[in-house]
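What you are looking at is a predicted structure, and each value in this text was computed from that prediction instead of being measured. To find a chain, count down the sequence lines: A is the first, B the second, and so on, and within it residues start at 1.
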Amino acid sequence: MTKQLPRLALIVAAAAVLFPFLALFSAALQPQSTLSPGLSWPSDPQWGNFATAWTTAGFGSLLKSSAVIALGVVPIALVLATLAGYGLATMRLKAKGPLFALLMLGLALPYEAIVIPLYYDLDSVGLLNTYWAVILPLVGLFMPFGVFWMRTHFESLPKELMEAAAVDGANSWRTLTRVLLPTAVPALTTLGLLYFMWAWNQFLLALVLIQDPAMRTAPSGLGKFVQQYGKNIPLLSAGTLIVIAPIVLIYLFFQRHFIKGILQGAVK
Amino acid sequence: MADTLVRTERSVAGTRRGAAAPRRRGRFVPLLYVAPALVFYGLFVIAPWLHSFWISFWNWNGIGAATWAGLSNYTAVFEEPALRAALTHAFGFIVFYTVVPVILGLILAALTSAVPWRAMPVIRTIIFLPQILPLVAVGVVWKWIYGEDGPLNQVLRAIGLGSLARAWLGDFTYAFPAVGLIGTWVSTGLCFLLLLSGIGKIEPSLYEAARLDGCGRLREFWHITVPGLRKEIGVACNVTVISALAGFDVVYVMTGGGPGYSTMVPGVQVYQLVFTAGRVGTACALATVLSLITCAAMYGLNRLSRER
């Protein structure tokens with residue numbers, strides 16, 4: 001009894017998470033003429049719905065846009081966050097306090113508060129409707145979390161590591177690239193995965209700052225798709241599964257990094 | 001120039017700071033490392049935020065000339081029913097995004113922490129899944145589930161409760177809790193895992209002492225587990241309150257704020273004010289109020305969870 005109840009509770013919780021997606025999967029395989037797909041497994045699964053959704057909604061180009069944006073954001077953000085985290089963790093800097101307060105602010109600022117001026121500002125410099133319109137602001141928005149994350153990593157290293165490097169006459173750049181970076185691979189992997197996920201899933205910025213639907217991220221493309229094919233549940237379900245498939249696959253592969261990252265990141 | 005020289009000499013002379021005092025050139029090195037991150041953050045986060053603050057004092061449709069509005073945009077935020085409803089709903093979502101998930105997570109964590117199970121890694125992966133999904137996809141799924149002929153109503157009809165079936169998202173009374181429940185679905189797993197890892201850090205001797213004193217499971221939960229998780233509960237509240245206040249994706253996809261403005265949230269309202277109503281100044285005032293509320297909430301929660 002004492003063992004059964006907790007396990008039952010966990011199974012119920014997991015089922016509550018999975019149920020919508022199993023239902024969605026069965027809906028995606030119904031014939032497109034079905035107006036209200038039932039909860040039962042279709043007698044004649046229509047795997048072709050995925051191909052139809054792929055071509056009619058142009059999910060190929062949407063996934064590409066999401067990838068371009070995510071792969072643009074991740075390296076830039078990782079490099080900048082590493083440099084700043086290293087600087088703040090290991091060096092003396094007069095304005096450290098105010099700098100931290102400023103960065104803390106960024107953790108609380110809702111995206112809604114900056115997307116409107118960004119729309120007009122990026123328009124005036126001709127960047128609106130380009131991938132940069134989403135990449136550059138995301139790098140900025142990702143800085144507070146990344147800087148905290150990397151600073152915590154560098155602070156957790158033993159002092160002797162840096163002292164030894166200093167004794168050998170290494171300057172701060174050599175110390176970072178030769179001595180400290182190799183220790184940072186796990187921290188960087190987790191941060192990179194989180195950045196990738198947040199960029200890939202980005203909706204609001206892509207919706208507002210890129211008007212060409214084909215250049216938006218996959219989630220924003222899905223938003224558009226809902227308006228056009230909202231009544232065609234099988235096709236809509238197939239499209240939804242196409243949009244979430246890449247991120248779910250990456251998650252299943254790196255789930256430890258994701259869970260650790262989000263839990264630890266929250267605690268910081 | 002002379003001033004910097006004097007200061008450098010002084011710090012070299014002072015024994016305490018002298019050892020670590022960098023050469024003059026070295027002073028700027030830390031800034032060089034931090035500057036690139038700050039430039040991006042300043043240009044694409046702080047500057048737009050200040051710009052938004054500035055726009056909030058103008059009547060502007062986004063194209064034509066702007067006229068000075070003073071504080072009238074802010075008065076609108078608190079007096080116009082649609083805008084005020086958006087702010088009220090943001091607070092209402094805290095119940096669904098924060099209060100219920102933290103309570104559920106707390107119960108689930110307390111129940112399962114003492115019972116090791118080999119299936120736990122799999123369960124953990126599943127329960128955490130909503131955290132990595134694009135919220136738009138989550139919205140699409142639930143919009144279908146709540147639909148007039150959707151799975152929820154099908155289940156209700158199948159178990160003989162067909163009289164309860166309705167178009168949940170089109171109903172003025174039920175649309176708000178229906179949309180809110182999705183927040184519970186998304187956040188509970190995160191709260192559970194956060195609190196579970198927190199329980200692992202509580203001194204086992206506390207529980208042993210309580211057992212010796214003849215404490216029951218319930219009192220143990222109330223007097224040891226809950227206080228021991230103070231920090232983690234604070235963190236869970238922090239993260240989920242921010243997502244409750246700043247929600248956009250789910251409402252935009254599911255209801256667009258309707259019916260009427262019964263599910264309107266600030267994010268969607270800001271979007272509509274700019275792109276449908278052409279009231280950029282008012283949108284920026286609402287965004288400013290929202291960011292001040294979020295910052296205040298975060299500050300308050302941090303204070304609460306750190307005090308011992």
Side-chain angles (χ1 to χ4, degrees), chain A residues 3 5-7 9-10 13-14 17-18 20 23-24 35-36 38-39 80-81 83-84 86-88 91-93 105-106 108-114 116-118 121 136-137 139-141 143 147 172 197 201 203-204 219 222-223 226 233 236 240 243-244 247 251 255 258-259 262-263 266-267, chain B residues 20 29-30 33-34 36-37 40-41 43-45 48-49 51-52 55 108 111-112 115 117 123-137 140-141 144-145 149 151 154 189 193-194 197 235 239 242 245-246 248-249 253 266-267 270 274 280 283-284 287-288 290-291 294-295 298:
Chain A
K3 268 190 182 177
L5 180 67
R7 289 181 179 178
L10 281 179
V17 168
L18 275 188
L24 190 74
L35 282 177
S36 53
L39 285 170
L80 299 191
L83 292 179
Y86 170 63
L88 288 172
M91 299 175 190
R92 307 164 105 246
L93 196 65
L105 191 70
L109 276 189
Y111 285 25
E112 291 93 330
I114 60 161
I116 300 309
L118 274 177
D121 296 345
L136 298 174
V139 172
L141 285 160
M143 274 310 109
V147 173
S172 65
M197 172 185 80
N201 286 352
F203 180 59
L204 178 62
L222 182 62
V226 178
I233 299 291
L236 184 61
T240 308
V243 168
I244 66 172
I247 203 74
Y251 168 67
Q255 46 98 5
F258 276 102
I259 296 179
I262 295 181
L263 291 182
V267 176
Chain B
V29 169
Y33 283 99
V34 182
F40 268 80
Y41 179 62
L43 275 180
F44 297 104
V45 180
W49 190 81
H51 189 188
S52 161
I55 299 175
L108 210 53
L111 270 180
T112 53
V115 187
W117 190 15
I123 298 271
R124 205 171 90 125
T125 307
I126 295 174
I127 285 184
F128 202 71
L129 188 66
Q131 282 297 317
I132 62 114
L133 293 172
L135 284 169
V136 179
V140 171
V141 173
W144 163 63
I145 290 178
D149 298 308
Q154 285 176 21
L193 291 180
L194 251 174
S197 83
V235 168
V239 177
I242 289 178
L245 294 176
F248 173 80
D249 311 16
V253 169
V270 164
V274 172
V280 184
C284 286
T288 304
L290 178 69
S291 42
T294 317
C295 287
M298 194 170 143

Starting at NE2 of H51(B), measure out to CG of L118(A) and round the result to the nearest 0.5 Å. 10.0 Å
Using a 4.5 angstrom heavy-atom cutoff, name the option from P266(B), A287(B), A283(B), A246(B) with the most pairs to chain A. A246(B)
Pairwise side-chain contact, L88(A) with Y33(B), heavy-atom cut-off 4.5 Å (strictly under): no
Run the side chain to side chain contact (heavy atoms under 4.5 Å, CB included) test against I242(B) and tell me which residues pass, sequence neighbours left out. N238(B), T294(B), M298(B)
Which residue out of L105(A), I116(A), V226(A), L136(A) racks up the most heavy-atom pairs below 4.5 Å with chain B? L136(A)
List the atom of P48(B), the atom of P117(A), and the distance in Å for their closest heavy-atom pair. O-CG, 3.0 Å
Could you look at L10(A) and say if it's the side chain, the backbone, both or neither that has a heavy atom under 4.5 Å from chain B? both
Give the minimum heavy-atom separation between E112(A) and F248(B), together with the two atoms involved. OE2-CB, 3.8 Å
Contact class of Y86(A) relative to chain B, heavy atoms under 4.5 angstrom: side chain
Partner chain A: residue of I145(B), V239(B), V115(B) with the largest heavy-atom pair count (under 4.5 Å): V115(B)
Among A81(A), G87(A), A14(A), G223(A), single out the residue with the greatest number of heavy-atom pairs under 4.5 Å to chain B. A14(A)
Please determine, among L236(A), L204(A), V147(A), the option with the most heavy-atom pairs under 4.5 Å with chain B. L204(A)
Heavy-atom side-chain proximity of L80(A) to F40(B) below 4.5 angstrom: yes
In terms of heavy-atom proximity below 4.5 Å to chain A, should S197(B) be classed as side chain, backbone, both, or neither? neither
Per-residue contact mode, T288(B) against chain A (heavy atom under 4.5 angstrom): neither
Heavy atoms of A113(A) and W49(B) approach each other most closely as CB-CD1, 3.8 Å
Contact between L245(B) and P110(A) at the side-chain level, heavy atoms closer than 4.5 Å - yes or no? no
Looking only at D249(B), V141(B), V280(B), I132(B), most heavy-atom pairs under 4.5 Å shared with chain A are made by I132(B)
Those residues at least two apart in sequence (or on a different chain) that pass side chain to side chain contact (heavy atoms under 4.5 Å, CB included) with P134(B) are N201(A), P219(A), V243(A), I244(A), I247(A), A137(B)
Which of the residues I55(B), I126(B), L111(B) is involved in the greatest number of heavy-atom pairs with chain A at under 4.5 angstrom? I126(B)
Minimal heavy-atom distance between S291(B) and L109(A), with the atoms involved, is CB-CD2, 3.6 Å
Non-hydrogen side-chain atoms of P6(A) and W117(B) separated by less than 4.5 Å: no
With the side chain counted from C-beta on, respond yes when F44(B) and V139(A) share a heavy-atom pair under 4.5 Å apart, and no when they do not. no
Give me the atom names and distance for the closest heavy-atom approach of A108(A) to C295(B). CB-SG, 4.0 Å
Counting distance only, does the side-chain N/O of Y41(B) pair as donor-acceptor with the main-chain N or O of G106(A) below 3.5 Å? yes
Among L43(B), L129(B), V270(B), who wins on heavy-atom pairs under 4.5 Å with chain A? L129(B)
To the nearest 0.5 Å, how far apart are CZ in R124(B) and CD1 in I259(A)? 4.5 Å
Of the backbone (N, CA, C, O) and the side chain (C-beta and beyond), which part of L193(B) lies under 4.5 Å from a heavy atom of chain A, both, or neither? both
Can you give me the closest heavy-atom contact between A37(B) and M143(A), atom names plus distance? CB-SD, 3.6 Å
Any heavy-atom pair between the side chains of F128(B) and I262(A) that's under 4.5 Å? yes
If you tally heavy-atom pairs under 4.5 Å between each of A9(A), G140(A), A13(A) and chain B, the highest tally belongs to G140(A)
Check: Y111(A) side chain, G267(B) main-chain N or O, donor-acceptor pair, under 3.5 Å: no
Can you check whether F203(A) reaches L135(B) side chain to side chain, under 4.5 Å on heavy atoms? no
